[in-house]
Amino acid sequence: MSHTEKIQQLLSHKPGLKAQQIANELGLDRSQVATTLHTLLGGALVQDNAYRWWPRSPSERASSAAAPAPRTF
């Protein structure tokens, strides 16, 4: 199972985790997790203002595919 699949599975069971918490749960490096999370941003996952990650609902995925949110750093 890839890191991406592991992260998605973990967040489906424990939504609202921060990158460091995900890394600790999966025994991965935080930078690996952050990179993977940001590649999934706008697709399968969404990040809130408290830096917590949540799975995106199917209806949110459909609307985000039509108009992707701009990425800012």
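Owing to the predicted nature of the structure, the values given are computational and were not obtained by experimental measurement.
Distance check: T35 OG1 to L28 CG gives 11.5 Å after rounding to the nearest 0.5 Å. To the nearest 0.5 Å, the span separating NE2 on H3 from CG on L10 amounts to 13.5 Å. Here the CD atom belonging to Q8 is positioned 11.0 Å from the CD1 atom belonging to I22, to the nearest 0.5 angstrom.
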Using distance only, find each side-chain donor-acceptor pair of residues 43-50 under 3.5 Å and give its atom names and separation, not counting sequence neighbours.
from, atom 1, to, atom 2, distance (Å)
D48, OD1, A50, N, 3.0
D48, OD1, Y51, N, 3.1
D48, OD1, R52, N, 2.8
D48, OD2, W54, NE1, 3.0

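For S2, the side-chain contact (heavy atoms from CB on, under 4.5 Å) partners are T4, E5, not counting sequence neighbours. Taking the side-chain hydrogen bond (donor to acceptor under 3.5 Å, both in side chains) definition, one finds that S31 meets it with D29, sequence neighbours left out.
Sorted pairs that involve residues 36-47 and meet salt bridge (Lys or Arg N to Asp or Glu O under 4.0 Å), not counting sequence neighbours, are lacking altogether. Residue pairs meeting the side-chain hydrogen bond (donor to acceptor under 3.5 Å, both in side chains) criterion with at least one partner in residues 15-28, sequence neighbours excluded, are K14-E25, Q20-N24.
Closest heavy-atom contact between P55 and S12: CG-CA, 4.3 Å. The two residues W53 and L11 have their closest heavy-atom pair at O-CD2, 3.7 Å.
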